[in-house]
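Excluded from the calculations below are hydrogen atoms, water molecules and symmetry mates; all remaining heavy atoms, backbone and side chain alike, are included. Since the structure is predicted, the reported quantities are computational estimates derived from the model, not experimental observations. One-based numbering, in listed order, for ligands and for the atoms of each.
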Amino acid sequence: MQKMLVVAECPSCCAAVEFDTDVRAGEIVVCFECSGELEVMSTEPPTLALAPEVEEDWGE
Ligand SMILES: [Zn+2]
């Protein structure tokens, strides 16, 4: 079965970022151009947003 790709514009650098249609909203894709982490907001239409900065060390 062939994978379908969709293209959305990177909100950071405006590159055309491709991702699979099996990628669900909320998943993270990485822009090949700026290496930014982008959250998939929707696949129909394909929409990307800058992923929120996750603070990994909650401890002090
Ligand atoms: Zn980018």
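- Legend: protein N/O/S atoms lying under 2.8 Å from the Zn ion (ligand 1), waters omitted, number 4.
- Residues Val23 and Phe19 share a closest heavy-atom pair of CB-CD1, 4.1 Å.
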Start with the C-alpha gap between Thr21 and Leu5, add the side-chain angles, then the distance that decides, and say whether side chain to side chain contact (heavy atoms under 4.5 Å, CB included) holds. CA-CA 6 Å; Thr21 49; Leu5 289 174; over 6 Å; no
Per-pair distances, 0.1 Å, donor-acceptor, side chain in residues 29-51, under 3.5 Å, sequence neighbours excluded:
residue: Ser42; atom: OG; partner: Glu44; partner atom: N; Å: 3.1
residue: Ser42; atom: OG; partner: Glu44; partner atom: O; Å: 3.4
residue: Ser42; atom: OG; partner: Pro45; partner atom: O; Å: 2.9
residue: Thr47; atom: OG1; partner: Pro45; partner atom: O; Å: 3.0

